[in-house]
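We use all heavy atoms of the structure for the numbers below, so side chains are in, but hydrogens, waters and symmetry mates are not.
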2 protein chains.
Amino acid sequence: MPPLTRAKIVAAAIDLIEREGADAISMRRIAADLGVGVMSLYNHVPNKATLLDAVAETVLSQISFTDDPEAEWTERVRIQARAFRQIAHHYPRSTMVVVSRQLKSPAGLFPVERALATLREAGFGGEDAVQILRTFIAYIIGSLLREVGVTPTFAPVHRSDVHLPDVDATLFPEVGTLAPLLGVCDHEEAFEYGLDLLIRAIDVQLRDSRSSKGESARG
Amino acid sequence: MPPLTRAKIVAAAIDLIEREGADAISMRRIAADLGVGVMSLYNHVPNKATLLDAVAETVLSQISFTDDPEAEWTERVRIQARAFRQIAHHYPRSTMVVVSRQLKSPAGLFPVERALATLREAGFGGEDAVQILRTFIAYIIGSLLREVGVTPTFAPVHRSDVHLPDVDATLFPEVGTLAPLLGVCDHEEAFEYGLDLLIRAIDVQLRDSRSSKGESARG
DNA sequence: CCAGGGGGACGTACACCGTACGTACAAGGG
DNA sequence: CCCTTGTACGTACGGTGTACGTCCCCCTGG
């Protein structure tokens with residue numbers, strides 16, 4: 001019999017989540033999928049919670065960051081942000097477990113280091129860099145949840161053509177008018193829209209801070 | 001014996017969630033808190049899932065939107081966004097269940113209608129209004145999750161002074177340098193930072209679109 | 001006033017969950 | 001050789017959601 005491994009268990013867990021959803025996951029199911037006794041899992045994993053932590057870490061560590069030091073800094077943060085969105089594509093059902101548990105392993109620190117470095121190199125102060133990073137993280141997480149379909153988008157993510165039209169047009173005139181737009185959502189387009197908004201915002205903020213510095217230096 | 005009510009059950013559920021966390025919730029606990037048999041609950045609620053839906057709807061419907069039609073539109077969207085952040089304050093533990101299930105009741109449509117109306121009045125086109133709304137929702141949801149402490153903030157939300165300092169300063173120079181900033185997080189400040197960023201961004205976008213329209217009209 | 005019926009409260013029962021505990025067996029060191 | 005160590009495993013306990021059957025109270029028709 002091939003030996004059981006923590007990695008195999010985590011892989012089976014991810015596989016199960018992607019096949020049947022995060023709710024369907026249980027130690028018994030994982031063991032059954034591996035053709036193994038339930039309690040054998042506990043020789044490699046202390047409990048279910050840390051197994052899910054491992055799932056989150058594994059998924060997160062598989063996102064690929066390609067950084068081009070030659071590129072404009074705005075483009076670099078854009079690329080880094082997009083990298084996170086990959087999660088929702090490669091592991092849609094697992095995204096929720098990634099998001100729903102704060103992990104403490106250094107796996108999550110690499111992206112942070114990279115993002116902060118990019119922002120500092122662009123010229124942002126430490127405080128701004130941290131706040132901007134938090135803003136982007138919040139936006140990305142929220143977008144991930146929308147894409148996975150778990151978030152109250154207020155515009156149902158799927159097959160909404162049945163639900164939207166039946167709203168009272170006198171109570172909700174805007175919703176009624178914009179129903180065709182609310183009913184469909186190209187996640188890529190939506191993500192890029194907000195991402196571009198944020199990037200342009202910090203771009204002008206950087207220019208403003210530079211020019212005000214220049215003024216005070218001149219004054 | 002006072003009659004059991006759906007509203008009482010929902011209230012007890014919210015109370016339990018806030019006292020002991022979303023994981024601790026179970027039909028048996030709720031029944032016990034109400035001094036009632038477990039199965040009595042099912043006379044008023046079809047199952048646990050729809051009970052949690054009702055919890056989400058109740059919490060969401062309690063956020064108070066105060067809209068001042070006299071105010072600048074930028075201030076109005078700011079206030080509407082802040083209203084959502086109230087959830088994390090009034091019902092911190094329940095926020096996760098609100099976020100984690102997309103609700104279909106009209107309770108969630110009122111804020112959407114209000115937001116879209118504000119944006120349309122400001123001068124945005126329908127498509128932009130919808131995309132902007134989605135961007136703000138994503139940001140707000142992400143911020144909510146950070147505030148509740150469930151999100152991988154990459155900067156642990158609580159008592160991080162133990163964890164942050166022990167990162168390898170040569171591997172993570174930026175994280176090491178900015179550790180004091182990453183270690184603490186004033187959620188209000190962080191939320192306002194990103195919110196201001198987004199609002200300024202859509203403000204300049206609106207001006208740009210207006211001036212380009214003016215140009216094309218002139219040209 | 002009484003009979004009947006309907007609805008709510010309840011207890012039991014089942015399938016499933018996470019996991020603590022005790023056992024059996026294979027591999028390596030004295 | 002024995003003995004230790006580590007892994008696989010079965011059993012068992014307390015928990016979960018909920019389907020089902022029973023009981024009782026109250027409300028209505030006669």
Check the angle between the aromatic planes of B:Tyr139 and B:Phe191 and answer parallel, tilted or perpendicular using the 30° and 60° thresholds. parallel
Walk me through whether B:His187 and B:Arg85 qualify under side chain to side chain contact (heavy atoms under 4.5 Å, CB included). CA-CA 10 Å; B:His187 295 292; B:Arg85 205 176 80 89; 4.1 Å; yes
Roughly, in whole Å, what's the span from CG in B:Leu4 to P in D:dC25? 18 Å
So, are B:Arg19 and B:Asp33 salt-bridged, with charged N and O less than 4.0 Å apart? yes
Between A:Met27 (CE) and C:dC17 (C1'), how many Å, whole number? 11 Å
In whole angstrom, give the distance that lies between atom OH of B:Tyr42 and atom C1' of C:dG11. 15 Å
Side-chain donor or acceptor of B:Arg28 under 3.5 Å from a matching atom on the base of D:dG15? no
Can you tell me if B:Ser40 touches the phosphate of C:dG8, counting only side-chain N or O atoms and a distance under 4.0 Å to OP1 or OP2? no
Side-chain atoms of B:His44 come closest, of C:dG8, C:dC10, D:dG17, to C:dG8
Given the side-chain rings of B:Phe110 and B:Phe65, with only the six-membered ring counted for Trp, is the space between their centroids under 6.0 Å? no
B:Asn43 CG - D:dT22 P separation (whole Å): 17 Å
Rounded to the nearest Å, what distance is computed from the CG atom of residue A:Asn47 to the P atom of nucleotide C:dC21? 14 Å
What is the distance from CG of B:Leu41 to C1' of D:dA19, rounded to the nearest Å? 15 Å
Identify, between A:Arg29 and A:Pro46, the residue whose nearest nucleotide on DNA chain C lies closer to the 5' end. A:Arg29
For the pair made of NZ in A:Lys48 and P in C:dC16, what is the distance, rounded to whole Å? 15 Å
Separation of D:dT16 atom P from B:Met39 atom CE, nearest Å, is 14 Å
